[in-house]
Amino acid sequence: MARDEELKQRWQQVVDKLSAQFADGEVLDLDAIIYLIGVQELGKPHNKYKKDHKIDLMHIAICRLLEPYGYYEFEFFDDDGWPHYKVLDQLPNLKAGEQSVLMKEAIVTYFLEKAYIS
């Protein structure tokens, strides 16, 4: 199977499974999935988050997702339990479609590592 086709199938598996689990069947978009990963990484799924914290949660997720690619490195947890990352390398200038593919690939890899999908 071609790499692109495999990514497409696994991405759909992630979307279907998360949408069923968290969105009452509505289809979650890329940003919503990134947000859920941020909540997972923070480890406080039952908290209510204000808009500023939602942006911070998405940042946590992006750092975690791109860590294996060498762009970020985990540094520490602060006193409130929030993870902090340092930038190791600047992200390359990517077109919107390329950014989307990179994030989808990183998300699929994340959920494969967590054994959420196979």
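In this text the structure is predicted, and so the values were computed from the model without any measurement.
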Sequence neighbours excluded and cut-off under 3.5 Å, please list the side-chain donor-acceptor pairs for residues 89-99, or say none.
residue : atom : partner : partner atom : Å
Glu98   : OE1  : Lys95   : N            : 2.8
Gln99   : NE2  : Leu94   : O            : 3.4

Compile the donor-acceptor pairs under 3.5 Å between side chains in residues 21-28 and protein atoms, sequence neighbours left out, one pair per line.
residue : atom : partner : partner atom : Å
Gln21   : OE1  : Tyr116  : OH           : 2.5

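In terms of heavy-atom proximity, Ala61 sits nearest to Gly38 at CB-N, 3.4 Å. Considering all non-hydrogen atoms of both residues, Ser19 and Val15 come closest at OG-O, 2.7 Å. Contact record, Pro83 with Leu42: CD-CD1, 4.0 Å, taken as the closest heavy-atom pair.
To the nearest 0.5 Å, atom CD1 of residue Ile107 and atom CD1 of residue Ile37 are 4.5 Å apart. Taking CG of Leu7 as the start and CD of Gln12 as the end, the distance is 11.0 Å to the nearest 0.5 Å. Taken from OG in Ser100 to CH2 in Trp11, the straight-line distance is 7.5 Å, to the nearest 0.5 Å.
The ring-ring contact (aromatic ring centres under 6.0 Å, His included) contacts involving residues 84-109 comprise Phe74-Tyr85, Phe76-His84, where partners must be two or more places apart or lie in separate chains. Sorted by first and then second residue, the side chain to side chain donor-acceptor pair (under 3.5 Å) pairs with a member in residues 40-59 read Glu41-Tyr110; sequence neighbours excluded. Under the salt bridge (Lys or Arg N to Asp or Glu O under 4.0 Å) criterion, the residue pairs touching residues 8-18 are Glu6-Arg10, with sequence neighbours excluded.
Here Glu73 pairs with Lys86 under the side chain to side chain donor-acceptor pair (under 3.5 Å) rule; sequence neighbours left out. Remark: Asp80 pairs with Asp78, Trp82 by the side-chain contact (heavy atoms from CB on, under 4.5 Å) rule, at least two apart or across chains. Checked against side-chain contact (heavy atoms from CB on, under 4.5 Å), Met103 has the following partners two or more places apart in sequence or in another chain: Leu30, Ile34, Ile62, Leu65, Leu66.
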* To do: Output, in order, the C-alpha distance, side-chain angles, deciding distance and verdict of side chain to side chain contact (heavy atoms under 4.5 Å, CB included) for Tyr72 and Val87.
  => CA-CA 5 Å; Tyr72 296 94; Val87 176; 3.8 Å; yes
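In the hydrophobic clustering of this structure, Phe111 groups with Tyr69; members are Ile, Leu, Val, Met, Phe, Trp, Tyr whose side-chain heavy atoms approach within less than 4.5 Å, directly or through other members.
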